[in-house]
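Right, one structure below, let's go through it.
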Amino acid sequence: MIQILRIEIYKIFKRPRTYISFGIVLAITLVIQLALFSDGKEFLGFFMQGINEQFDVQGNILNGYLVAYVILHSLLMQIPLLVALVAGDSLAGEANLGTLRLLLTKPISRTKLVLMKFLSSFIYTLILIIWLAIVALFVSMLLFGTGDMINIKSDSFVVILQNDVMWRYLLAFCFATLAMTTIASLSLLLSAFADNAIGPIISTMGIVVVMTILCNLQLPVFNHIIPYLFTPHMVGWKGFFDDPIPYAAIGRSAITLAAYTIVFLAATIYYFNKKDIKS
Amino acid sequence: MMSIKAGLQILFLSILAPLTVKADTGTDLFYALRKKALLVKDYTADVNMQIDVSYMKIPKLKGTMYFKSPDKLRLERHGGISLLPKKNVNLTISNLMPAGNVLVIDIGNVEKDGKKLHVLKVVPDDDQNNIVLAKLWVDEANLVAVRAETTTRNDGTIIMDLTFGKYINWGLPDKVALLVDLKDYKLPKGFTLDYETNPGAKPDAQAEKAAKASKGQKGTIKINYLKYDVNTGLSDEKFK
């Protein structure tokens, strides 16, 4: 099992496209950091106009903690794509290259193979999130310094003391890993249906985009289905920057995401076991 | 025999006389109070500050408050963010008392928390003054205002309650509670992409909750002054 997992991880990190994801995260992060470094005050002034009218806010507001939050907020759509790039390729890519049938001649069950594919995608996702934490949080802390963190919401303004921030980020990144694992499991499921990696990647993004639009439209007709979609729960990491932290809601979101992950994985195993492998 | 006219004059004067004396007492008291407030040219104070506004979630802020007469005020939080109400009148009692010539109306004495207080209404002569009317509750024995209710031209009504302790001789409070008028606060959700703790809940219910929370309201700022250093000659650089 471990040997197969090692091989799967080796395959992921041997492909140049894997590193494109890390490069994209770095590039987007640096662009946002550069933009905030040069025009951050105007950006902040726009969001804080309601507060600035009534309060005189002084200090290092645009610090590394806030910049990291802005980066994570901005990468809502990009990170699922980067996860899908690898997870969507794991089964369909093998089928496309004609190596899937060869792989299945090894003395390993299809279930175990899917589980190892999922586990390797999870490890890739985890490393991508750690990379994101390094470039978005730690590099921002180096560039912008530290201080109390502000969180600007549509109906409230939250200040978090600087000695109270890092553990929130730790939990937020853990939650983000769970959310991205759900995406990885969805991509893996779609990958099982396809013989070409492009389809699962595009389909994953299509599902995420459509669900996000459904949620953001806030039309009453969709209200009954929105709680059961996984996309509104993916931003649960933001809950750790509220006061008080809505643990119950975050817990519900985590359970929803975990449930989706299990369902997607189970569906993948079920389908892959029945699939007639022709390539 | 005294004429009717002379009798009326005596009656009129006898009614007015006590009022005139009382008005002078109130005016003297106000000017004495203002003079005492102006004794403090500057101070540095260790403070704890609690901002209680429904749409703001801010923990208790510890820091150092710097004040320089007449109106420079700064909260330094040793690397942290500081928030002070943005008002033309700020957190010092001297700024809640109108400057220049004023008309003082002596309301008389009231009793509050077992303490006899002299109530004054103060109207500035200057039409352009941001303060339209100030109502002061003065502890005559200690010559300090324990409450100020100031109606301003641009910033609504500001109510300040002061509790004095060991710095009463300087007229500096140990505790200040400031009640200020606040405007609504709302940002489009499309910009902030909030985490919905109850996704799919009726938009009306959510909007109602948010609107209720931010609708034109009062905010309270409570400051505990732990230690003062008075008249140390603070430079203007400290406020830049």
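Labels below follow one simple rule: chain letters A, B, ... track the order of the sequence lines, proteins then strands, and each chain is numbered from 1.
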Derivation of the side-chain contact (heavy atoms from CB on, under 4.5 Å) call for B:I51 and A:V159: CA-CA 11 Å; B:I51 297 176; A:V159 174; over 6 Å; no
Heavy-atom proximity to chain B below 4.5 Å, by part of A:Q58: both
Heavy-atom neighbours of B:K62 NZ exceed 12 at 6.0 Å: no
Stepwise side-chain contact (heavy atoms from CB on, under 4.5 Å) check, B:K57 with A:D242: CA-CA 8 Å; B:K57 294 167 183 173; A:D242 208 342; 3.3 Å; yes
Interchain contact, A:P232 with chain B, by part (heavy-atom threshold 4.5 Å): both
Residue part contacting chain B, namely of A:I225, when any heavy atom lies under 4.5 Å: neither
A:F43 atom CZ, over 12 foreign heavy atoms within 6.0 Å: yes
Test side-chain contact (heavy atoms from CB on, under 4.5 Å) applied to B:Y55 and A:I51, step by step: CA-CA 10 Å; B:Y55 63 75; A:I51 299 295; 3.8 Å; yes
Options A:G147, A:G236, A:G239, ranked by heavy-atom pairs under 4.5 Å with chain B, top entry: A:G236
Beyond-backbone contact of B:L75 with A:D56, side-chain heavy atoms, under 4.5 angstrom: no
Intermediate values then yes/no, side-chain contact (heavy atoms from CB on, under 4.5 Å), A:V57 and B:L84: CA-CA 7 Å; A:V57 189; B:L84 289 174; over 6 Å; no
Greater than 12 external heavy atoms within 6.0 Å of A:Y228's OH: no
Test item: B:Y195 side-chain N/O and A:A249 main-chain N/O as donor-acceptor pair under 3.5 Å: yes
Min side-chain heavy-atom separation A:F157-B:V53 under 4.5 Å: no
Heavy atoms of other groups near B:K35 NZ, more than 12 under 6.0 Å: no
Under 3.5 Å donor-acceptor, A:D148 side chain and B:I81 backbone: yes
